Amino acid sequence: MKTSKKVLAIGSVLVFVLIGIICFAFYMVDVNNSNYHTDELDGVRFSKTDWGMDLGDTVSVLKSEYDDFSYTYISGVMGGYQTSNNIKVNGLDAKVEFYVSGNSQYVMPYLTSNAKDDSLGLYKVVLYLNEKDDKTVYKAFDKELGNNKVEIKKDDKVIGYKSDKVKYTDIKNKEIYEEFSKIIENSMYEKDKDNLYLNSFSIEKLENDKNGYTHKVTYDGSGLAVLNARQKSKLKLFGRR
């Protein structure tokens with residue numbers, strides 16, 4: 001009798017352990033797949049980072065790509081950091097600034113869903129270049145601009161190009177579309193969804209910049225960062241995010 005109880009107890013423990021292992025395995029698969037919206041939606045990213053990465057992961061990725069990468073906090077800018085020295089990006093010297101945020105409300109301030117409280121991460125990267133030839137800059141970032149680039153004008157003068165990479169209403173993946181629909185539900189973004197982009201890229205010429213920079217290059221992944229953060233926040237293990 002005692003032996004059978006012991007076997008039953010051991011069996012029960014093993015079953016719980018097995019269930020735990022299976023749940024953890026599925027959790028890890030979900031975690032590992034939780035950043036893939038950028039690729040699925042053909043979004044543009046900076047180097048090998050992804051939108052929504054926390055600061056530690058972002059720095060780790062950049063250090064692995066750029067041997068001389070070091071960074072410092074931008075004084076007075078919430079969540080803003082910049083490279084200590086210029087680094088080579090697409091063959092051009094660039095001062096790189098990257099921005100991370102603690103919550104989705106910061107980058108999409110009019111969210112009304114609970115997604116506004118999601119822990120965010122990397123949502124924007126800005127490059128400053130000192131390159132006299134405009135065409136050299138455009139050629140260096142031709143892949144990021146893609147085929148849907150449009151002119152940026154100021155006082156009827158072309159000062160650069162912009163490429164809106166992921167338009168909300170063009171998302172073909174039904175699950176992703178519905179997920180973002182929940183995020184913007186009852187917000188101003190839902191009312192103006194025809195003009196809502198999750199990801200964009202731009203190059204602008206600068207005039208009389210105090211630091212002598214000639215071009216500003218912006219990777220904006222705010223919407224994708226919010227989307228990735230919403231997915232991550234749903235992945236809970238033992239009550240922890």
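Everything quoted here is computed from the prediction, not taken from an experiment. Heavy-atom basis, side chains included; hydrogens, waters and symmetry copies ignored.
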Quiz prompt | Minimal non-hydrogen separation, L111 against S104, with atom names | solution = CD1-CB, 4.1 Å

Quiz item: Does some side-chain heavy atom of L122 sit less than 4.5 Å from a side-chain heavy atom of D50?
Solution: no

Quiz item: With D142, which residues qualify under salt bridge (charged side-chain N to carboxylate O under 4.0 Å, His left out), at least two apart?
Solution: none

Quiz item: How about V158 and I152: do any of their side-chain heavy atoms sit closer than 4.5 Å?
Solution: no

Quiz item: So do the side chains of V166 and D42 get within less than 4.5 Å of each other, counting heavy atoms only?
Solution: no

Quiz item: Quick one: are Y123 and V226 in side-chain contact, heavy atoms under 4.5 Å?
Solution: no

Quiz prompt | ILVMFWY cluster, V150 and Y138 together (side-chain gap under 4.5 Å) | solution = no

Practice problem: Measure the shortest side-chain to side-chain distance between F141 and V137 over non-hydrogen atoms and say whether it is less than 4.5 angstrom. | Solution: yes

Exercise. Only counting residues at least two apart or in another chain, list the ones meeting salt bridge (charged side-chain N to carboxylate O under 4.0 Å, His left out) with D134.
Key: K205

Quiz item: If you measure from CG on L227 to CG on L41, what distance do you get to the nearest 0.5 Å?
Solution: 7.0 Å

Quiz item: Linking I/L/V/M/F/W/Y whenever any side-chain heavy atoms sit under 4.5 Å apart, do I176 and Y197 land together?
Solution: no

Quiz item: Does T218 have any side chain to side chain donor-acceptor pair (under 3.5 Å) partners at least two apart in sequence or in another chain, and if so, which?
Solution: none

Practice problem: State plainly whether one hydrophobic cluster holds both Y71 and I74, where clusters connect Ile, Leu, Val, Met, Phe, Trp and Tyr through side-chain heavy atoms under 4.5 angstrom apart. | Solution: yes

Quiz item: Do the side chain of N199 and the main chain of V44 share a donor and acceptor less than 3.5 angstrom apart?
Solution: yes

Practice problem: Could you note down all residue pairs passing side chain to side chain donor-acceptor pair (under 3.5 Å) where residues 159-170 supplies at least one of them, sequence neighbours left out? | Solution: N148-S163, Y168-S181

Practice problem: Write out all pairs satisfying salt bridge (charged side-chain N to carboxylate O under 4.0 Å, His left out) with one or both partners inside residues 206-227, taking only residues at least two apart or from two chains. | Solution: K157-E207

Exercise. First locate atom NZ of K63, then atom OG1 of T58, and finally report the distance between them rounded to the nearest 0.5 Å.
Key: 12.5 Å

Practice problem: Return yes when atom OH of Y110 has more than 12 non-hydrogen atoms of other residues, nucleotides or ligands closer than 6.0 Å, and no otherwise. | Solution: no

Quiz item: Considering residues at least two apart in sequence or located in another chain, which fulfil the salt bridge (charged side-chain N to carboxylate O under 4.0 Å, His left out) criterion with K88?
Solution: D93

Self-check item: Donor-acceptor contact below 3.5 Å, side chain E179 vs main chain E175
Solution: no

Quiz item: Taking the six-membered ring for Trp, are F46 and Y219 parallel (under 30°), tilted (30 to 60°) or perpendicular (over 60°)?
Solution: perpendicular

Exercise. State, to 0.1 Å, how close W51 and A225 come at their nearest heavy-atom pair, and which atoms those are.
Key: CB-N, 3.7 Å

Quiz item: What closest approach, in Å, do S101 and Y106 show between heavy atoms, and which atom pair accounts for it?
Solution: OG-CB, 3.1 Å

Quiz item: So do the side chains of V125 and R45 get within less than 4.5 Å of each other, counting heavy atoms only?
Solution: no

Quiz item: Does the pair M188 and T112 meet the rule for a side chain to side chain contact (heavy atoms under 4.5 Å, CB included), with working shown?
Solution: CA-CA 9 Å; M188 64 169 287; T112 55; over 6 Å; no

Self-check item: salt bridge (charged side-chain N to carboxylate O under 4.0 Å, His left out) involving K132 - partner list, sequence neighbours excluded
Solution: none

Quiz item: Do the side chains of V126 and V217 get nearer than 4.5 Å, heavy atoms only?
Solution: no

Quiz item: Any idea which heavy atoms bring S119 and A229 closest together, and the distance?
Solution: O-CB, 3.3 Å

Quiz prompt | Gap between atom CZ of F201 and atom CG of L145 - 0.5 Å precision | solution = 5.0 Å

Practice problem: Sequence neighbours left out, what pairs pass side chain to side chain donor-acceptor pair (under 3.5 Å) with at least one residue falling in residues 74-84? | Solution: S70-S84, Q82-E97

Quiz item: Looking only at heavy atoms, what is the nearest atom pair of I183 and A115, with distance?
Solution: CG2-CB, 3.9 Å

Quiz prompt | Qualifying residues under side chain to side chain donor-acceptor pair (under 3.5 Å), relative to N195, sequence neighbours excluded | solution = D192

Quiz item: Roughly how far apart are N130 CG and T214 OG1, rounded to 0.5 Å?
Solution: 5.0 Å

Quiz item: When rounded to the nearest 0.5 angstrom, what distance separates CG in L198 from CZ in F180?
Solution: 4.0 Å

Exercise. Output all residues satisfying side chain to side chain donor-acceptor pair (under 3.5 Å) with S60, sequence neighbours left out; order by chain, then residue number.
Key: none

Exercise. Report the C-alpha separation of Q105 and D118 in whole Å, then their side-chain angles, then the decisive distance to 0.1 Å, and conclude whether the side-chain hydrogen bond (donor to acceptor under 3.5 Å, both in side chains) test is met.
Key: CA-CA 8 Å; Q105 181 77 30; D118 289 340; over 6 Å; no

Quiz item: Can you list the steps and then say if D117 with N103 is a side chain to side chain contact (heavy atoms under 4.5 Å, CB included)?
Solution: CA-CA 5 Å; D117 297 321; N103 62 73; 5.6 Å; no

Quiz item: Which pairs with one or both residues in residues 64-83 pass salt bridge (charged side-chain N to carboxylate O under 4.0 Å, His left out), sequence neighbours excluded?
Solution: none

Exercise. Apply side chain to side chain contact (heavy atoms under 4.5 Å, CB included) to K143 and N90, showing your working.
Key: CA-CA 10 Å; K143 183 179 179 181; N90 293 4; over 6 Å; no

Quiz item: Would you call V100 and D54 a side-chain contact if the rule is heavy atoms closer than 4.5 Å?
Solution: no

Quiz item: Parallel, tilted or perpendicular for F69 and F98, by the 30°/60° rule?
Solution: tilted

Quiz item: Can you list the residues that meet the side chain to side chain donor-acceptor pair (under 3.5 Å) rule with K124, with sequence neighbours excluded?
Solution: none

Quiz item: How far does OH of Y66 sit from OG of S47, to the nearest 0.5 angstrom?
Solution: 2.5 Å

